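A short worksheet on the structure shown next.
Just so it is clear, the model here is predicted, and its values are computed rather than measured. Ligands are counted one by one from 1 in listed order, and the atoms in each one are counted from 1 as well. The figures here come from the full heavy-atom set of this structure, side chains too, leaving out hydrogens, waters and symmetry mates.
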Amino acid sequence: MRKKIVAGNWKMNLLWDEALGLAQGVSEASTKVNNAELIVFPPFIFAPTIISKNPELNVGLQNFYPADKGAFTGEVSITQAKNIGAKYVLIGHSERRAIFNENEAFLKEKVNAALANDLTPVFCCGEPLEIREANEELNYVKQQLMDSLFHLSADDMAKCIVAYEPVWAIGTGKTASVEQAESMHKSIRSWIAEHYSKELSEEISILYGGSCNASNAKELFACENVDGGLIGGAALQLDAFISIAQSF
Ligand code: 13P
């Protein structure tokens, strides 16, 4: 059975009290959510306190630099991420690709660095609107996986989580339809089967992200190949996030 996962990417939102309050709320509520694993990705600066105050909560980092240490002013290393007790890292989010120019080779380095430090990569992929309009989304997403993820050995690939986040659905209120989501997730699983094995493809959780909320989560999560969600805006409200987590 694949793991069902609902993860909240808080992006660059919330202040100290709000972040700590939300983390505590998610941690307490996670005992009520027994059919899905919950993960939160708070801003860096709040992560160590959230981890030490909520030992049961799964916490990941939204970003890191793929080196152990050194002269990289302003960056946080993968070893520092591990050192504070983070368990997951987001890699390849479209905002990092577009705003911070993270390219395929750099994302590959990040995937390798995360795995070398026993952190679970949540590898994000997804096409922009013009690619979807040109009906090129399958080729585009497949290439993203080939460029930065499919170099892994089967053992390492088995440790990863994939998140499909169509760029046109992120923060727009325009969710992928059930058909669009299932078709892409099914394709992603088939490419994993092609590159590795059918068995491995059946084990990997593939999350959907992009305007997923308490109203549409149920139908999305009912898709055979959708194993949960990577939630942005709706993860900032405790009730909405927990309601999404209870949508399986
Ligand atoms: P929204 O849920 O706000 O569309 O964001 C999705 C996302 O980017 C999660 O990583």
Side-chain angles (χ1 to χ4, degrees), residues 4-14 18-19 22-23 26 36-44 46-47 58-64 81 86-102 107 110-111 114 119-129 131-132 137 140-141 144-145 148-149 160-178 180-181 184-185 188 205-221 223 226-247:
K4 305 288 185 194
I5 298 167
V6 175
N9 174 9
W10 297 357
K11 307 192 180 183
M12 200 178 69
N13 294 300
L14 306 176
E18 298 164 329
L22 180 57
V26 174
E37 183 171 305
L38 302 187
I39 308 172
V40 296
F41 290 90
F44 278 142
F46 305 136
N58 296 308
V59 180
L61 291 191
Q62 298 171 23
N63 187 35
F64 62 93
K87 297 278 183 284
Y88 301 83
V89 279
L90 292 182
I91 299 176
H93 193 283
S94 62
E95 288 149 20
R96 300 289 325 166
R97 292 178 192 257
I99 307 170
F100 301 99
N101 299 318
E102 294 193 4
L107 297 179
K110 291 179 88 172
V111 167
L119 274 90
T120 300
V122 178
F123 185 83
C124 306
C125 54
E127 80 288 356
L129 184 60
I131 298 290
R132 166 71 59 174
E137 69 274 8
Y140 187 93
V141 170
Q144 288 181 320
L145 297 171
S148 309
L149 198 63
C160 295
I161 296 167
V162 175
Y164 169 56
E165 299 203 307
V167 180
W168 47 270
I170 296 179
T172 57
K174 195 172 185 303
T175 319
S177 68
V178 165
Q180 287 170 325
M184 181 62 79
H185 283 233
I188 293 172
S205 299
I206 306 177
L207 314 183
Y208 169 79
S211 298
C212 182
N213 58 38
S215 317
N216 57 33
K218 222 184 197 81
E219 57 175 16
L220 286 162
F221 295 176
C223 296
V226 177
D227 305 309
L230 179 55
I231 318 299
L236 300 175
Q237 295 138 20
L238 180 62
D239 289 354
F241 186 63
I242 298 308
S243 158
I244 294 169
Q246 289 170 328
S247 298

(message) Suppose we measure from atom 7 (C) of ligand 1 to each protein heavy atom; which comes out shortest, and what is that distance?
(response) Glu165 OE2, 3.1 Å
(request) Could you tell me whether the side chain of Leu90 reaches within less than 4.5 Å of the side chain of Arg96, counting heavy atoms only? (result) no
(message) Distance under 4.0 Å to a non-hydrogen atom of Gly171: what atoms of ligand 1 satisfy this?
(response) 1 (P), 3 (O), 4 (O)
(message) With heavy-atom distances below 4.0 Å as the criterion, list the atoms of ligand 1 near Gly233.
(response) 1 (P), 2 (O), 3 (O)
(message) Let me confirm one number: the CD1-CD1 distance from Ile161 to Ile206, rounded to the nearest 0.5 Å.
(response) 11.5 Å
(request) Compute the shortest N/O to N/O distance between Leu230 and ligand 1 and return yes if it is under 3.5 Å, no if not. (result) no
(message) Do Leu107 and Leu149 make a side-chain contact, defined as non-hydrogen atoms from C-beta onward lying under 4.5 Å apart?
(response) no
(request) Could you walk me through whether Lys87 and Thr120 pass side-chain contact (heavy atoms from CB on, under 4.5 Å), step by step? (result) CA-CA 6 Å; Lys87 297 278 183 284; Thr120 300; 5.9 Å; no
(request) Flag the pair Phe100 / Asn63 as yes when at least one side-chain heavy-atom distance between them is below 4.5 Å, and no otherwise. (result) no
(message) Evaluate Ala234 for polar contact with ligand 1, using N/O atom pairs at a separation under 3.5 Å.
(response) no
(message) List ligand 1 atoms under 4.0 Å from Gly210, heavy atoms only on the residue side.
(response) 4 (O), 6 (C)
(message) Please check whether Asn9 reaches ligand 1 - meaning an N/O of the residue sits under 3.5 Å from an N/O of the ligand, judged on distance alone.
(response) yes
(message) With nothing but distance in play, are any N or O atoms of Gly232 less than 3.5 Å from an N or O of ligand 1?
(response) yes
(request) Begin from the C-alpha positions of Lys110 and Glu102 and carry the test side-chain contact (heavy atoms from CB on, under 4.5 Å) through to its verdict. (result) CA-CA 10 Å; Lys110 291 179 88 172; Glu102 294 193 4; 3.0 Å; yes
(message) Whether the Glu165 and His93 side chains hold a donor-acceptor pair (N or O, under 3.5 Å, no angle test) is what I'd like checked.
(response) yes
(message) Taking distance alone, with N or O pairs closer than 3.5 Å, would you say Glu95 contacts ligand 1?
(response) no
(request) Could you tell me whether ligand 1 has any atom less than 4.0 Å away from a heavy atom of Ala169? (result) yes
